[in-house]
Amino acid sequence: MRNFGSLVISRSIGSVLSTGPSGSAINTLTDDIFKYDIDFNDDVGADDRFSVVVDQTWRDGELVATGPVQAATFTVGGKLHSGFRFERNGKAEYFTGDGRPLKRSFIRMPIPYARLTSTFGNRYHPILGRMRMHEGVDFAASTGTPIQAAGDARVQFVGWKGGYGRVVILDHGHGYTTLYGHMSRFGSEHVGQRIAQGTVIGYVGMTGLATGPHLHYEFRVNGVHRNPLSITMPPPEPLSGLALAQFRAQTGTALAKIRRVEDVIYADATPVATKGRKKA
Ligand SMILES: [Zn+2]
């Protein structure tokens with residue numbers, strides 16, 4: 001006999017830290033759903049809490065499969081964040097309750113948590129020994145640190161370019177391109193290939209003109225260099241029409257499940273897992 005159901009997990013961060021994370025669902029929360037809105041290094045405290053809904057398949061009373069996170073809420077400092085999984089054009093993404101993608105069109109830093117060592121603008125060039133416009137930003141990181149594609153893109157260039165050393169250029173469409181320099185080695189991408197945001201395209205190094213291992217990162221709009229740390233990024237496209245209607249129908253059920261469980265749990269503030277199963 002095969003059963004399908006959904007599991008709602010609700011936890012406070014304090015209980016996760018003391019009992020260990022509940023598997024891949026937690027990684028999905030931090031890596032896929034809320035990484036653009038919540039700083040998991042600094043923002044999250046022991047009193048904050050989250051809930052996730054995952055689909056499960058049972059056979060003869062045994063759990064045989066756990067699906068991806070269907071819906072999640074994260075309450076940080078009293079502020080509620082929610083995310084819902086929905087397939088747009090055959091590709092799963094996470095959206096806010098009103099159908100806006102949680103994913104940004106660009107991530108600010110191609111190396112998470114790296115240290116900014118040189119800002120955008122005029123500066124004294126340490127190797128050339130004169131003032132020169134710095135047309136990007138530099139992030140210090142040790143050789144071999146993975147570098148991620150800032151947004152979904154088509155690979156425009158992979159190769160050697162003078163002072164940049166080993167460089168990758170990505171074309172994000174709508175006039176946006178990004179450049180990643182001084183790499184020690186490339187990822188497995190090739191020119192013309194379509195890659196997703198977050199794909200590792202290479203590794204930090206000091207090829208070309210560099211005094212130490214770092215990533216030189218450039219952001220261009222219609223060929224003009226812009227500061228990637230301050231430019232207003234284009235908003236991703238929200239759901240509309242039929243897709244939005246389907247999304248609304250799906251999310252209502254998931255959110256109601258979370259609310260039901262949270263009402264029970266946080267009424268007496270004891271974190272527990274609650275399981276709701278129904279026959280297929
Ligand atoms: Zn630089």
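In listed order, ligands and their atoms are each counted from 1.
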Problem set entry | Student check: side-chain heavy atoms of His182 and Arg166 closer than 4.5 Å | no
Exercise. How are the rings of Tyr176 and Phe106 set to each other: parallel, tilted or perpendicular (split at 30° and 60°)?
Worked result: tilted
Problem set entry | Sequence neighbours excluded - side-chain hydrogen bond (donor to acceptor under 3.5 Å, both in side chains) pairs with any residue from residues 77-89 | Arg88-Glu93
Seminar exercise, completed: Of all N, O or S atoms in Asp138, the one closest to the Zn ion (ligand 1) is OD1
Problem set entry | N/O/S atom of His214 inside 2.8 Å of the Zn ion (ligand 1), strictly under | no
Problem set entry | His216: its N/O/S atom lying closest to the Zn ion (ligand 1) (atom name) | ND1
Problem set entry | His182 N/O/S atom closer than 2.8 Å to the Zn ion (ligand 1) | no
Exercise. Are Met206 and Tyr203 connected, step by step, through hydrophobic side chains (Ile, Leu, Val, Met, Phe, Trp, Tyr) whose heavy atoms are closer than 4.5 Å?
Worked result: no
For this session: Give the atom name of whichever N/O/S atom in His134 sits closest to the Zn ion (ligand 1).
Result: NE2
For this session: Kindly write out the residues that satisfy ring pair (Phe, Tyr, Trp, His ring centres under 6.0 Å) with Tyr94, not counting sequence neighbours, or none if the list is empty.
Result: none
Exercise. Would you say Glu135 reaches the Zn ion (ligand 1) with an N/O/S atom under 2.8 Å?
Worked result: no
